[in-house]
Asks: 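Input: one structure, supplied below.
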Amino acid sequence: SDIRIEKLCLNICVGESGDRLTRASKVMEQLSGQEPCFSKARFTVRSFGIRRIEKISCWCTVRGAKAEEILDRGLKVMEYELWRGCFSDEGNFGFGSDEHIDLGIMYDPAIGIYGMDFYVVLRRPG
């Protein structure tokens, strides 16, 4: 039976709250077309300068045709080649992109450049 994409999870971890995280969420919104959620730090890490309950990353889950389109753009950046370590035992896979402008989003000096993680969950019908 055919395997299909159940969902695509996108994540940008900035490591700090404030202006950089807001700009990263704008990038995520441009790419996915939906408003991202924010993740909070679980505990304080003084060497990184993060406090507990401080928002440090934004993420969103994309499904359907939009997920396939974003995944295609992401894989094109990777030249359609992934390491064996990118795949889990269940067949799901993930990879990262260093610059969001490689995905076809115009560079805006006011926003800057952000890297992001892609994680793809595959499902078989039934």
Asks: Does NZ in Lys40 sit with more than 12 non-hydrogen atoms of other residues, nucleotides or ligands closer than 6.0 Å?
Replies: no

Asks: Restricting to non-hydrogen atoms, name the atom on Leu8 and the atom on Val120 that form the minimum distance, rounded to 0.1 Å.
Replies: CD1-CG2, 3.7 Å

Asks: If you compare all heavy atoms of Tyr119 against all heavy atoms of Gly94, which two are closest, and at what distance to 0.1 Å?
Replies: CD1-CA, 3.5 Å

Asks: Give a yes or no answer on whether the side chain of Arg52 reaches the backbone of Arg42 with a donor-acceptor pair at less than 3.5 Å.
Replies: yes

Asks: Evaluate side chain to side chain contact (heavy atoms under 4.5 Å, CB included) for Ser57 paired with Val14, printing each intermediate quantity in order.
Replies: CA-CA 5 Å; Ser57 74; Val14 179; over 6 Å; no

Asks: Is the shortest side-chain heavy-atom distance between Asp102 and Glu99 below 4.5 Å?
Replies: yes

Asks: Side-chain donor-acceptor pair under 3.5 Å between Tyr114 and Asp98, yes or no?
Replies: no

Asks: Between Arg73 and Leu103, is there a donor-acceptor pair closer than 3.5 Å when you use the side chain of the first and the backbone of the second?
Replies: yes

Asks: Within the supplied structure, the quantity of interest is the number of heavy atoms (other residues, nucleotides, ligands) at a distance under 6.0 Å from Arg23 CZ; does it exceed 12?
Replies: yes

Asks: Minimum heavy-atom separation for Pro125 and Arg4, please, with both atom names.
Replies: CB-NH1, 3.5 Å

Asks: Provide the closest heavy-atom pair for Gly96 versus Met78 in the form atom of the first, atom of the second, distance.
Replies: O-SD, 3.6 Å

Asks: How far apart are the closest heavy atoms of Ser32 and Val62, and which atoms are they?
Replies: CB-CG2, 3.9 Å

Asks: Got a second to check how far Lys55's NZ is from Ser39's OG, nearest 0.5 Å?
Replies: 10.0 Å

Asks: Determine whether Ile105 and Leu31 satisfy the following criterion, side chain to side chain contact (heavy atoms under 4.5 Å, CB included), listing intermediate values before the conclusion.
Replies: CA-CA 7 Å; Ile105 300 173; Leu31 183 64; 3.9 Å; yes

Asks: Linking I/L/V/M/F/W/Y whenever their side-chain heavy atoms sit closer than 4.5 Å, directly or via other members, would Trp83 and Tyr80 fall into one cluster?
Replies: no

Asks: Do Phe38 and Val27 land in one hydrophobic cluster if side-chain heavy atoms of ILVMFWY residues count as linked below 4.5 Å?
Replies: yes

Asks: Tell me, do Phe118 and Leu10 make a side-chain contact under 4.5 Å, heavy atoms counted?
Replies: yes

Asks: Would you call Glu29 and Lys26 a salt bridge, taking side-chain N to carboxylate O under 4.0 Å as the test?
Replies: no

Asks: Given side chains that start at C-beta, do those of Leu122 and Glu6 come closer than 4.5 Å, heavy atoms only?
Replies: no

Asks: Parallel under 30°, tilted from 30 to 60°, perpendicular over 60°: which one fits the rings of Phe87 and Phe93?
Replies: tilted

Asks: If I take atom OG1 from residue Thr44 and atom CD from residue Glu54, how far apart are they, to the nearest 0.5 angstrom?
Replies: 8.5 Å

Asks: Determine whether Ile111 and Gln30 make a side-chain contact, defined as any pair of heavy atoms from C-beta on separated by less than 4.5 Å.
Replies: yes

Asks: Would you check, one step at a time, whether the test side chain to side chain contact (heavy atoms under 4.5 Å, CB included) holds for Ile113 with Ile101?
Replies: CA-CA 7 Å; Ile113 294 179; Ile101 54 173; 3.9 Å; yes

Asks: Measure the shortest side-chain to side-chain distance between Ile56 and Leu21 over non-hydrogen atoms and say whether it is less than 4.5 angstrom.
Replies: no

Asks: Set out, in order, the CA-CA distance, both residues' side-chain angles and the distance that settles side chain to side chain contact (heavy atoms under 4.5 Å, CB included) for Phe95 and Leu75, then state yes or no.
Replies: CA-CA 9 Å; Phe95 59 94; Leu75 287 172; 3.8 Å; yes

